[in-house]
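So the structure is just underneath, and the comments pick up after that.
Side chains included, hydrogens not; waters and symmetry mates left out as well; all remaining heavy atoms used.
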Amino acid sequence: MESGEQARVVLVGKSRDKGKFKNRNNFLSDINPTEIPKEFIHKITVSFDTGHEVDFGTDNLEDTFTISHMHEWLSKIDRKGRIELVEITLDLDLIYDTIKKNADSIFAKYF
């Protein structure tokens, strides 16, 4: 973000089925991704110390999101203040379905 200053990056999960991930919410706190597949991202919100929030659009990303993708975008937006938080909301249902489908296809011939 700005040199010498660290913004917090937080992963948040959303799901249509509240019970499905009730006991699994802790896994997001254990993840420190360097890249996030674009397809799993629901929304990215950047919060400034002024209280202003701006959504980062993922339309221009090819396959994955990294913090470095934000540098050019930050230089183009009208912003005042220091970035305090980057909140990345993940679609937990899509992640779950993708992992389940891939695991089923990998192990299907054995079980």
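With a 4.5 Å cut-off on side-chain heavy atoms, E35 and T66 count as touching. The side-chain heavy atoms of L85 and V46, taken from C-beta on, include no pair separated by under 4.5 Å.
Distance check: F48 CZ to E53 CD gives 10.0 Å after rounding to the nearest 0.5 Å. Separating the CG atom in L92 from the CG atom in D97 is a distance of 10.5 Å, to the nearest 0.5 Å. Rounded to the nearest 0.5 angstrom, H52 NE2 and I83 CD1 are separated by 11.0 Å.
The nearest pair of heavy atoms linking D93 to R16 is OD2-N, 2.7 Å. The two residues E62 and K38 come nearest to each other via the heavy atoms O-CD, 4.1 Å.
Among V86, L61, T45, the single residue meeting the side chain to side chain contact (heavy atoms under 4.5 Å, CB included) criterion with F56 is L61.
Residues that satisfy the side-chain contact (heavy atoms from CB on, under 4.5 Å) test with T98, not counting sequence neighbours, are F40, L94, N102.
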Original post:
Is there a side-chain contact (heavy atoms from CB on, under 4.5 Å) between I41 and L90 once you walk through the steps?
Top reply: CA-CA 5 Å; I41 299 172; L90 302 176; 4.3 Å; yes
